[in-house]
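Hydrogens, waters and symmetry mates play no part in the numbers below; they use all other heavy atoms, side chains included. Sequence lines set the chain letters: A, B, ... in the order given, protein chains first and strands last, and positions in each chain run from 1.
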There are 2 protein chains.
Amino acid sequence: MIGRYDEVTARWGNPDKPVTLSEGATAFLTERVGAPKPTQAVPRIDIVVPPTGLDDQARARLIEVVGPEGVSLDEDTRLSHGGGFSYLDLVERRGTSPHVPDAVVFPTSHDAVQQLIAACGQLNLAIVPFGGGTSVVGGVRPERGPHAGVIAVSFENMADVIGIDDIDMTVTVGPGITGPTLERLLGVRGLTLGHFPQSWERATIGGYVATRSSGQASAGYGRSDEMVEKLRVATPKGEFRLGRAPGSAAGPDLRQLFIGSEGILGIITEVTMRVRRQPRDKRYEGVMFPTYEDGLRAFREMVSRRATADLMRLSDPEETLTNLTMAAEGLKATALARYLKLRKVSGGSLAIFGWEGNRTQIGSRRDESWRVLRANGAVSLGKQVGNGWEHSRFSGPYLRDTLLDNGYLVETLETATGWRELPELRKAVTKSLKDSLAGDGPGPWVMSHLSHVYDTGGSLYVTVVAARDATDPVGQWQAAKAAACEAIVAQGATITHHHAVGRDHAPYLAAEIGENGVELLRAIKTYLDPDDTLNPGALLR
Amino acid sequence: MIGRYDEVTARWGNPDKPVTLSEGATAFLTERVGAPKPTQAVPRIDIVVPPTGLDDQARARLIEVVGPEGVSLDEDTRLSHGGGFSYLDLVERRGTSPHVPDAVVFPTSHDAVQQLIAACGQLNLAIVPFGGGTSVVGGVRPERGPHAGVIAVSFENMADVIGIDDIDMTVTVGPGITGPTLERLLGVRGLTLGHFPQSWERATIGGYVATRSSGQASAGYGRSDEMVEKLRVATPKGEFRLGRAPGSAAGPDLRQLFIGSEGILGIITEVTMRVRRQPRDKRYEGVMFPTYEDGLRAFREMVSRRATADLMRLSDPEETLTNLTMAAEGLKATALARYLKLRKVSGGSLAIFGWEGNRTQIGSRRDESWRVLRANGAVSLGKQVGNGWEHSRFSGPYLRDTLLDNGYLVETLETATGWRELPELRKAVTKSLKDSLAGDGPGPWVMSHLSHVYDTGGSLYVTVVAARDATDPVGQWQAAKAAACEAIVAQGATITHHHAVGRDHAPYLAAEIGENGVELLRAIKTYLDPDDTLNPGALLR
């Protein structure tokens with residue numbers, strides 16, 4: 001099920017089975033963005049990987065800590081640890097001069113990480129903790145800063161399940177374990193973490209925690225940061241073991257300093273997460289609202305009436321149109337469209353709901369949800385649409401390289417705000433992207449969905465497709481991204497709901513937590529990591 | 001409904017309606033702890049309140065900040081801000097030499113608090129933020145430390161609702177508002193905070209947040225720390241405004257540094273909490289389990305099967321016995337006992353459940369709960385027992401002075417741990433108290449209940465009644481409390497689930513978060529409050 005990954009050129013998909021644009025998709029894009037312009041990425045042979053900057057002494061010291069097997073200077077290995085999966089990362093990978101770390105190091109234990117931090121401090125090397133490498137905000141971009149060099153630390157060899165406790169309902173893991181592996185091992189015990197971000201196939205638990213990732217079923221299972229029971233962290237100031245018991249009131253929650261710290265305060269070496277029983281049953285369902293506003297109201301009321309589904313997402317009319325014409329294929333789409341015309345909700349907003357549990361729970365909870373849905377004009381599209389969504393829930397990233405191959409710019413961004421403020425936020429972000437990316441063609445195409453709900457608001461996930469500026473694709477997107485970020489900040493929304501800050505959002509952190517907040521974080525960073533060894537340039541610039 | 005409070009001698013109850021021990025209670029206590037030994041507290045006229053240590057310059061400076069109405073040197077006012085409501089506080093209040101602050105100051109705005117902090121820094125005065133004064137861990141004990149004096153800051157004049165947003169479902173308040181006032185103001189809008197700690201009648205929202213308090217219905221409504229959307233905090237380093245949007249992933253959650261910080265890092269001057277719709281209906285129910293172990297298993301399974309009630313508490317056999325003989329009266333108790341004998345669950349464990357929502361929700365959720373309850377041998381005692389519990393849910397504190405008047409030691413303590421570890425924890429804490437407080441009589445009497453549940457465990461709330469040592473009541477309890485804390489730490493449990501750390505638990509903080517954790521907190525404290533103006537001696541010693 002899980003797509004192979006091209007380690008060398010770091011494309012998301014399986015190189016043996018390239019994703020192609022369907023005829024329908026091509027027509028849709030041509031009409032709304034412009035015709036495809038096939039462009040090729042540079043072949044591997046033309047990519048010039050810079051030589052490592054590590055001298056013999058540094059190499060010897062690293063080998064002392066992690067053994068000869070634990071240090072790789074290999075070009076392809078360094079290339080595949082040269083950044084994440086933002087549009088800018090993808091654009092860079094299509095060129096000849098990638099940024100790569102001077103080495104990739106593979107520790108096998110907490111103590112090795114602790115020693116590695118000390119060694120890098122002495123050697124004046126920066127460390128980029130590299131989990132699944134799925135950051136889309138420059139969180140794992142290798143940055144030397146004022147240091148003599150930069151190494152990526154991979155957790156591939158710290159990826160075990162250390163323990164499962166099905167009385168306490170916890171799992172303890174190394175930071176490098178990925179979602180599929182963990183779910184497989186939990187599954188044989190009838191358990192699940194229930195955390196399914198779109199990057200699930202590649203992202204690691206350490207990465208979840210370091211960036212506060214949110215899974216698609218966060219309404220039912222919570223966010224990754226809420227799942228953390230215990231943390232073990234290596235820092236230049238030594239080891240931290242945090243999370244003594246559920247519901248402790250013993251002072252500030254120091255776990256919450258390391259959760260979301262994106263590797264700048266310490267390196268997570270062990271995590272205990274709470275787990276859940278695997279649901280006996282699931283019911284996914286597509287639903288159509290007459291308008292986006294109807295959908296928003298229904299989502300808000302489902303939350304306030306405690307009538308939520310475990311998974312809830314609401315596409316705006318643009319995304320609805322895209323999904324109906326691009327995702328659903330052939331007959332299915334036609335049948336769906338005909339049905340919608342009959343029920344007079346064409347042009348509406350598509351929602352996906354998922355309820356999980358035993359049959360009676362699903363039945364009664366779905367009834368409660370539908371009481372609210374009906375009152376807001378919703379029409380069921382049935383299980384088929386819901387199951388179709390579930391089937392393709394991780395497929396988004398596979399398409400991105402293909403769109404780049406066809407001359408498009410494609411990127412996503414996300415934010416969150418209160419229920420009252422959501423409609424204006426959507427308008428402002430959409431406008432900022434449209435204005436910034438307006439060209440000669442019909443595009444850009446901007447669409448969004450409400451992806452995660454809270455008592456007090458929700459998050460907005462925006463996708464934009466535009467004609468790529470062939471001469472300055474980087475500048476083109478940087479300007480658009482800046483415009484979107486400024487619109488978000490001006491609306492009082494958060495600069496990130498689940499992508500984290502990384503390097504790309506760092507300029508906006510002060511808008512989020514105030515200058516005093518940034519200075520407080522900097523003081524904490526200075527205390528824990530006085531030499532700025534850990535991921536310099538991320539989060540705080 | 002809300003008991004008046006004796007401001008002068010700081011007894012919890014209404015001095016005009018003293019609580020007396022019933023005949024049944026007296027018999028129960030005599031058998032298990034020893035006969036009452038009436039002892040009187042010192043009359044107010046014999047209490048010598050130390051004169052203020054503030055010189056003219058200091059008084060003038062404080063008046064400059066908060067106005068002449070905002071500074072009180074009055075003896076009775078200082079007396080009623082001289083500590084909290086722990087057993088040791090109560091014992092001290094029965095003597096002639098209370099600890100009191102040098103002044104009580106009543107700021108009216110964030111800016112005034114900000115200026116007050118600066119003024120106290122210059123005047124070398126310590127500040128104790130004083131909310132409802134209900135701390136049972138010495139959190140508001142006025143401690144001068146190395147300072148020239150200590151003032152208590154009351155938030156009585158910062159107790160307004162600043163705004164209610166019934167779209168975003170938030171309420172913004174001054175820190176001094178109490179539960180009853182807030183619920184009344186929310187109630188007229190059909191809303192509720194849903195936070196009902198036992199100290200609800202007197203505790204303030206600022207206190208909730210600064211100590212991570214948990215309400216009795218935390219299974220349904222969450223803990224106070226989970227309800228905080230936004231915080232405004234005054235610190236010696238200036239203002240912090242935190243909490244930009246629901247579900248932000250922008251770095252470490254700095255709110256979580258101030259939440260639970262017990263006034264040592266800053267003073268909370270404004271809080272935005274999420275609110276809920278008032279439930280249309282409630283159903284409270286008493287339930288009897290054959291054994292405590294059956295009850296524990298049922299509670300754990302209710303959580304893991306997502307079949308929880310909004311309120312869930314499980315008394316151990318000792319507390320069950322106490323409740324049945326002391327709390328339920330006359331006929332009711334007899335009828336109940338007869339019923340239990342018939343159903344063969346006498347000697348069992350009493351649980352109280354509360355489901356809230358609309359009728360169908362309550363019906364289907366209660367059905368789900370009962371599927372688990374039945375499988376674990378539970379028998380319903382009906383609504384009457386549940387409603388009886390709800391009726392007396394805030395009555396616990398009223399009895400304490402009365403027990404002291406009768407020569408008893410009475411105190412509560414609480415902790416939390418994983419499901420697997422709970423039985424051993426209960427045994428160890430019970431043993432530590434019994435060993436430490438064993439005397440010539442039959443006592444002590446130790447009882448507990450499981451008071452709050454989580455995915456991975458629960459909290460244990462322990463009550464102890466013993467014959468008070470007339471010559472050294474303080475030393476007697478200090479030894480017992482130390483023994484209990486050491487037992488808790490040895491079991492790997494948390495030193496506090498919702499009472500916070502204060503001064504009494506500070507020696508055990510390192511066991512909770514490690515020496516490195518304490519040093520990190522100290523570094524943060526040094527950065528934010530270099531002169532140690534804010535609540536010195538609390539949390540960190």
Measuring heavy-atom distances to chain A, does [X] have an atom under 4.5 Å in its side chain, in its backbone, in both, or in neither?
{"X": "B:R255", "answer": "neither"}
{"X": "B:L257", "answer": "both"}
{"X": "B:S459", "answer": "neither"}
{"X": "B:H452", "answer": "neither"}
{"X": "B:L528", "answer": "side chain"}
{"X": "B:R306", "answer": "both"}
{"X": "B:E368", "answer": "side chain"}
{"X": "B:E519", "answer": "both"}
{"X": "B:E512", "answer": "both"}
{"X": "B:V233", "answer": "neither"}
{"X": "B:R276", "answer": "side chain"}
{"X": "B:D367", "answer": "neither"}

Side chains of [X] and [Y]: is there a donor and an acceptor less than 3.5 Å apart?
{"X": "A:T360", "Y": "B:R371", "value": "yes"}
{"X": "A:R277", "Y": "B:S304", "value": "yes"}
{"X": "B:S248", "Y": "A:R212", "value": "no"}

Ignoring hydrogens and angles, tell me if any N or O in the side chain of [X] forms a donor-acceptor pair with the backbone of [Y] under 3.5 Å.
{"X": "B:D168", "Y": "A:R420", "value": "yes"}
{"X": "A:N516", "Y": "B:E239", "value": "yes"}
{"X": "A:Q361", "Y": "B:R305", "value": "yes"}

Interface residue of largest heavy-atom contact number with chain A, from B:E421, B:E515, B:R241, B:E262, under 4.5 Å:
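Sorted descending by pairs with chain A, the first entry is B:E421.
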At a heavy-atom distance under 4.5 Å, which candidate from B:G514, B:A511, B:G502, B:A538 has the highest pair count against chain A?
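Winner by heavy-atom pair count: B:A511.
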For [X], is it the side chain, the backbone, both or neither that has a heavy atom under 4.5 Å from a heavy atom of chain B?
{"X": "A:V518", "result": "neither"}
{"X": "A:Q256", "result": "both"}
{"X": "A:R274", "result": "both"}

Name the member of A:T417, A:V303, A:T211 that forms the most heavy-atom pairs with chain B at distances under 4.5 Å.
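Top option by heavy-atom pairs under 4.5 Å: A:T417.
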Find the one option among A:L540, A:L422, A:L521 whose heavy-atom pairs under 4.5 Å with chain B are most numerous.
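Counting heavy-atom pairs under 4.5 Å, the top option is A:L521.
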Heavy-atom closest pair, residues [X] and [Y]:
{"X": "A:A250", "Y": "B:V501", "answer": "CA-CG2, 3.6 Å"}
{"X": "A:L265", "Y": "B:P252", "answer": "CD1-CG, 4.4 Å"}
{"X": "B:A416", "Y": "A:A245", "answer": "O-CB, 3.2 Å"}

Within the structure provided, determine whether [X] and [Y] are in side-chain contact (heavy-atom separation under 4.5 Å).
{"X": "A:D455", "Y": "B:M169", "answer": "no"}
{"X": "A:R244", "Y": "B:I513", "answer": "no"}
{"X": "B:I259", "Y": "A:D253", "answer": "no"}
{"X": "A:R300", "Y": "B:I167", "answer": "yes"}
{"X": "A:L520", "Y": "B:F240", "answer": "yes"}

